[in-house]
Amino acid sequence: MIRNVLGSVVALAGAASAVLSPFRDWYGGRVGHDYRVRDLFEGITPVESGVLVSILLPFLAAALLVVLGVVLRSRLVVALAGLVVLGFTILWMVRQGQAAGSLVVGGDGAGLQVGVANALAGGVLMLIGALLMSGRRSRRERRAVREREPVEPFAVPTADQVDTWPPTQEPGMSVQTSPWPEPEVDPYTGPDPRDPRTRSYPQAAPHPEDDPRDPVHPPHRPPPPPHRPPPPPQG
């Protein structure tokens, strides 16, 4: 992510430098947009060019490629834009050298000037930005990343399957459901006096109703059976 951001910033800076270069002096006090695109293939002429048919046109196309490459995170598209800028700049240098007999770098405005440097720097920055970008992951790399990610061993059950955990559906208490309430276990009333191992343990309270250990559900003895009067004698 950081590499993509850094590479995108460098590539966009290069695109801006390339687009601004035709508006600066290139050679002998002549600005870059005075050179026609056809002059790069047919030879440099003193005829002035319109802005939209000048050397600015391929530089604008390269800037659009940089923007597209940044959006798509494509290193190839950004590198292609840098090659376009460098290619047209070098081609212009070849044609200008043929027209002038030689190329010179002079500080008095008689040779190569700052516009050419801006164009070359813009193309180089685009290539550096393409190298810095990590690009988009291929389908194979994304699949490998997903395979390395930890997978939850068991999926969380849905609301209507709360008693089916774990999802192996093995027989057990978790899958045995009943519409009736579960029976309550009798509370503990103390050790068994008949067991010699626990005979010496403290016994339960004499009155289970007064047992403080379970004030909510104290143990109760079952009620005696109802008394039925004897049937009248038959006679």
Side-chain angles (χ1 to χ4, degrees), residues 1-139 141:
M1 182 64 181
I2 297 178
R3 290 185 57 185
N4 280 330
V5 173
L6 182 59
S8 300
V9 172
V10 174
L12 291 174
S17 178
V19 171
L20 292 177
S21 64
F23 297 94
R24 311 193 71 175
D25 294 341
W26 276 48
Y27 196 85
R30 190 176 181 183
V31 294
H33 61 74
D34 282 345
Y35 297 96
R36 298 178 300 177
V37 175
R38 59 183 299 182
D39 291 346
L40 304 181
F41 302 96
E42 299 176 358
I44 301 297
T45 63
V47 179
E48 294 185 358
S49 173
V51 176
L52 296 181
V53 294
S54 66
I55 199 174
L56 175 64
L57 183 61
F59 289 175
L60 285 176
L64 292 178
L65 285 178
V66 169
V67 174
L68 181 62
V70 168
V71 173
L72 299 178
R73 291 183 295 177
S74 174
R75 303 173 61 186
L76 181 61
V77 175
V78 176
L80 178 62
L83 293 177
V84 168
V85 173
L86 291 177
F88 275 90
T89 305
I90 294 174
L91 180 60
W92 173 88
M93 295 174 66
V94 172
R95 292 301 185 183
Q96 182 64 39
Q98 293 175 351
S102 63
L103 287 178
V104 295
V105 180
D108 56 352
L112 295 174
Q113 296 183 7
V114 67
V116 182
N118 288 350
L120 293 175
V124 172
L125 286 176
M126 293 179 193
L127 293 180
I128 294 176
L131 292 176
L132 291 176
M133 294 174 62
S134 60
R136 301 183 62 180
R137 293 179 178 177
S138 62
R139 184 177 302 177
E141 293 177 350

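This structure is a prediction, so every number in the text was calculated from the model and none was measured.
- For the pair Gly115 and Ser21, the tightest heavy-atom approach, listed with the atom from each and the gap, is O-CB, 3.3 Å.
- A search for salt bridge (charged side-chain N to carboxylate O under 4.0 Å, His left out) contacts involving Asp39 returns Arg36, not counting sequence neighbours.
- In this structure, the side chains of Leu65 and Val78 stay at 4.5 Å or more apart for every pair of heavy atoms.
- One finds the OG1 atom of Thr89 at 9.0 Å from the CG atom of Leu40 (value rounded to the nearest 0.5 Å).
- Between the side chain of Ser17 and the backbone N or O of Ala13 there is no donor-acceptor pair closer than 3.5 Å.
- The distance from atom CG of Leu20 to atom CG of Leu56, rounded to the nearest 0.5 Å, is 9.5 Å.
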- request: Step by step, work out the side chain to side chain contact (heavy atoms under 4.5 Å, CB included) result for Leu83 and Leu127.
  value: CA-CA 8 Å; Leu83 293 177; Leu127 293 180; 4.2 Å; yes

task: Take Val53 and Val37, measure what side chain to side chain contact (heavy atoms under 4.5 Å, CB included) needs, and give me the verdict at the end.
output: CA-CA 6 Å; Val53 294; Val37 175; 5.8 Å; no

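- Residues Val19 and Ala63 come closest through the heavy atom pair CG2-CB, 3.6 Å.
- Rounding to the nearest 0.5 Å gives a distance of 5.5 Å between CD of Gln96 and CD1 of Ile44.
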Derivation of the side chain to side chain contact (heavy atoms under 4.5 Å, CB included) call for Val10 and Leu132: CA-CA 9 Å; Val10 174; Leu132 291 176; 4.0 Å; yes

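- The CZ atom of Arg73 sits 9.5 Å away from atom OG of Ser8, with the distance rounded to the nearest 0.5 Å.
- Residues passing the side-chain hydrogen bond (donor to acceptor under 3.5 Å, both in side chains) test with Glu48, sequence neighbours excluded: none.
- A search for side-chain hydrogen bond (donor to acceptor under 3.5 Å, both in side chains) contacts involving Asp25 returns nothing, not counting sequence neighbours.
- With sequence neighbours left out, the side-chain contact (heavy atoms from CB on, under 4.5 Å) criterion links Arg3 to Ser134.
- Between Leu52 and Leu57 there is no side-chain heavy-atom pair separated by less than 4.5 Å.
- Note on ring orientation: taking the six-membered ring where Trp is involved, the planes of Tyr35 and Trp26 are tilted (angle from 30° to 60°).
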message: With side chain to side chain contact (heavy atoms under 4.5 Å, CB included) as the criterion, how do Asp34 and Ile55 come out once you've worked through the C-alpha distance, each side chain's angles and the decisive distance to 0.1 Å?
response: CA-CA 8 Å; Asp34 282 345; Ile55 199 174; over 6 Å; no

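- In plain terms, the two heavy atoms of Arg30 and Val47 that are nearest each other are NH2-O, 3.0 Å.
- With sequence neighbours excluded, no residue satisfies salt bridge (charged side-chain N to carboxylate O under 4.0 Å, His left out) with Arg24.
- In this structure, the side chains of Arg75 and Leu131 come closer than 4.5 Å at one or more pairs of heavy atoms.
- For the pair Met126 and Val84, the minimum side-chain heavy-atom distance is 4.5 Å or more.
- Across Val66 and Ala11, no two heavy atoms sit closer than the pair CG1-O, 3.7 Å.
- Taking the side chain as every heavy atom from C-beta outward, Leu125 and Leu12 never approach each other to under 4.5 Å.
- For residues 41-64, no residue pair satisfies the ring-ring contact (aromatic ring centres under 6.0 Å, His included) rule, not counting sequence neighbours.
- With rounding to the nearest 0.5 angstrom, the CH2 atom of Trp92 is 5.5 Å from the CG atom of Leu112.
- Counting heavy atoms from C-beta outward, Val116 and Tyr27 have side chains that stay 4.5 Å or more apart.
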